[in-house]
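Report on one structure; see the data block that follows.
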Amino acid sequence: MPCCVHFPYSGGRARRTRWRVWNMQQMRDSWRAVIERELTRYATETFGTAQAAESAFPLAVQKPPKSELGDLAFPLFVFAKAFRMAPQKLAQVLKDRLSLCDDVPKGELLTAGPYLNVRVDMAELANRVNEQVARMGSSYGNTDLMASKRVMVEFSCPNTNKPLHLGHMRNDAIGESISAILKANGAEVLKVNLINNRGVHICKSMLAYQKFGNGETPESSGMKGDHLVGKYYVKFAQWEKEDPSIVQLAQEMLKKWEAGDPEVLRLWELMNGWTLAGVSETYRNTGISFDRYYYESDTYTLGKDKVLAGVESGVFYREEDDSVWIDLADINLDKKVLLRKDGTSLYLTQDIGTAIARHEDWPFDSLIYVVASEQTYHFKVLFHVLDKLGYAWAKDLHHLAYGMVNLPEGKMKSREGTVVDADDLFAQLTELAMQEIKEKGREEAVGDVRNTSEAIALGALNYFLLQANPMKDMVFNPAESISFNGNTGPYLQYMGARISSMVRKFEVMAEDFSDIPFDSTQLSLPEERELVKMIATFPEVVTESGRDLNPSAVTSYLYELSRLFSRYYHDHPVLKAPSAPLVKARFSLVCMVLQVFRNAYALVGIPFLESM
RNA sequence: GCGCCAAUAGCUCAGUUGGAUAGAGCAACAGCCUUCUAAGCUGUGGGUCAGAGGUUCGAAUCCUCUUUGGCGUACCA
């Protein structure tokens, strides 16, 4: 199974309609109900039993490929055998029978080959959607799919030996987006970060600093703290090349650290402080935040204790050299070390402790780890170990794996220095956005050029990173991401800005329209039908992205809505529409689109801009 | 070797529960600014959905095998 996370409460398809009924869904359900009833009656009349029909219930509802074919499609293939009738014929029969009934919903039935299609009553749908968007505002689209569920989302999890890079940015984008999407589906979400501040790799930068640092500080060097520490981590690698034996020193230092050596601890605190200050700044710039921080230095001992307890209870075993192991034969895996022979902790050990601490702190219904797919094995083992230790909530742990981020030139390799630094990238994108604003002569219109450029950079970055399915590896092309035309974040932001501009223009003349009611029958263009339908299905997009933990469902939707809208307002005047009722109706539609844009942007980390 | 994952247009990506003629963007070419921001809109060309079988009324989608690529299989994280 790829990235799919199975929520115990996400239910199956059959249950989906029970959670809540939305506009489009309501339409679908009511039409399905009458068509199913008619199939049942027809089967009973013909065969004396309804079985032929009911075995294929619930009747599938689809979206016709073209709007000329209607708004809902009911494929009838499945009934062909049971009715001994071509589905084309059955569609005709059903249409004829239903046209004689006086209790079908408003709308129009069409046959389209083997499909029975429905053109729904658009005026009614538009009224409902308009009312609902106006009433719910920024919460339009929210669902109760995960109401009252507590979900902890772990993401980012930087090491304190180097600054963030592009890979972290994908992680952060997914983490923030998933959290927002889960919230929109009614969950109570706690975003947590785990600072990986201990271990051999941390000792490496410390050792290099001790040897080469000469007391350098972020202040004295003018470097951001995380970059300064990173510099020494790289230095260690070079040093190690000359003298491979120094790895031993790092191992010894880790042991000293675990023993509480004051000298080591002092340096550790100093350098960790530098890194975390730098990382926090990056978070601030890129709109990342957490409700709670965990530090591995705080939780690893708990993990160690639990592992030792596991040895007592016989879940784990001790080798002759004193190392502690678990045999994973029962899940068809090999053996795994839980404690080194010198007694120090490993990655797995600390994650055991952290998970237990978290469940005690904030009992969750689900904990989602947003971590690269290269660690799939690690999480498999972790969840199994926790299960073996007797924690019933081990089944509620999920690994949301995401693929690697590559560059057009190829893979990022730290050894070859091709890793894209997060701060550098953000600055580069901001710079490009700024140039574009200047070239277009929009400085005055946007007001704060710096802020706007950063917002555009962020929109570009998040959209690009989230538009691909998390599970897949992706190629990040900075130049393409910031491009203002095409399928990009800035293009979407531009649409939002254009609409905002229209709203400002309308406000000047708003009084002239204050007495004119919204008349949905004015919206008769095919494009308007499509827009109303899309707005009506937004809650379903929120559901889908929450169910699959897939932000790209939202980005796809946003882009489609955006294209539809730009085509529409390019071809049809809104504020200068021929009649006042039409202006009012079209402007109301525009406002609905704007609201959905705002709400959907928030789910995928695209800052909304009033003007660009 | 074994395990997990992927493969859709030249490139980057979508593709709903198996359903109608597989869609976008970029790149290329051709149009559209006295008209709510041209950061836009429209059109043209571009496909053996990696390959071969199978299931099905129907497969990019499900199953099997093959090929290619990525990742993992550490007393690293």
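So you know, we letter chains A, B, ... as the sequences are listed, proteins then strands, and number each from 1.
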Open item on the list: Reading RNA chain B from 5' onward, which residue's closest nucleotide shows up sooner: A:S345 or A:A468?
Closed with: A:A468
TODO: For A:F77, report the nucleic acid contact type (base, sugar-phosphate, nothing); a contact means any heavy atom under 4.0 Å.
DONE: base
TODO: Enter the distance from A:L249:CG to A:M206:CE here, rounded to the nearest 0.5 Å.
DONE: 12.5 Å
Open item on the list: Just to be sure I understand the rule, does A:R442 reach a base, reach only the sugar-phosphate, or reach nothing, if contact means heavy atoms closer than 4.0 Å?
Closed with: base
Open item on the list: Does this structure show an ion pair linking A:E540 with A:R547, if we count only N-O contacts that are shorter than 4.0 Å?
Closed with: no
Task: Most 5' of A:P573 and A:S566 on RNA chain B, judged by nearest nucleotide - done: A:P573
Open item on the list: Within the 4.0 Å heavy-atom criterion, would you say A:P114 contacts the bases, only the backbone, or no part of the nucleic acid?
Closed with: nothing
- [ ] Kindly give the heavy-atom pair with the smallest separation between A:K341 and A:D321, and that separation in Å.
- [x] CB-O, 3.2 Å
- [ ] Describe the nucleic acid contact of A:R498 in one word from base, sugar-phosphate, nothing, applying a heavy-atom distance below 4.0 Å.
- [x] base
Open item on the list: Under 4.0 Å, counting only non-hydrogen atoms across every strand here, what does A:N117 touch: a base, just sugar-phosphate, or nothing?
Closed with: base
Open item on the list: Once you apply a heavy-atom cut-off of 4.0 Å, does A:Q375 come out as touching a base, just sugar-phosphate, or nothing?
Closed with: base
Open item on the list: Using a 4.0 Å heavy-atom cut-off, does A:N159 contact any base of the nucleic acid, only the sugar-phosphate backbone, or nothing at all?
Closed with: sugar-phosphate
Open item on the list: Going by ring-ring contact (aromatic ring centres under 6.0 Å, His included), name the residues that satisfy it together with A:F608, two or more places apart in sequence or in a different chain.
Closed with: A:Y601
TODO: Check every strand shown and say whether A:A372 touches a base, only sugar-phosphate, or nothing at a heavy-atom separation below 4.0 Å.
DONE: nothing
TODO: Give one of base, sugar-phosphate or nothing for A:S552, where a contact means two heavy atoms less than 4.0 Å apart.
DONE: nothing
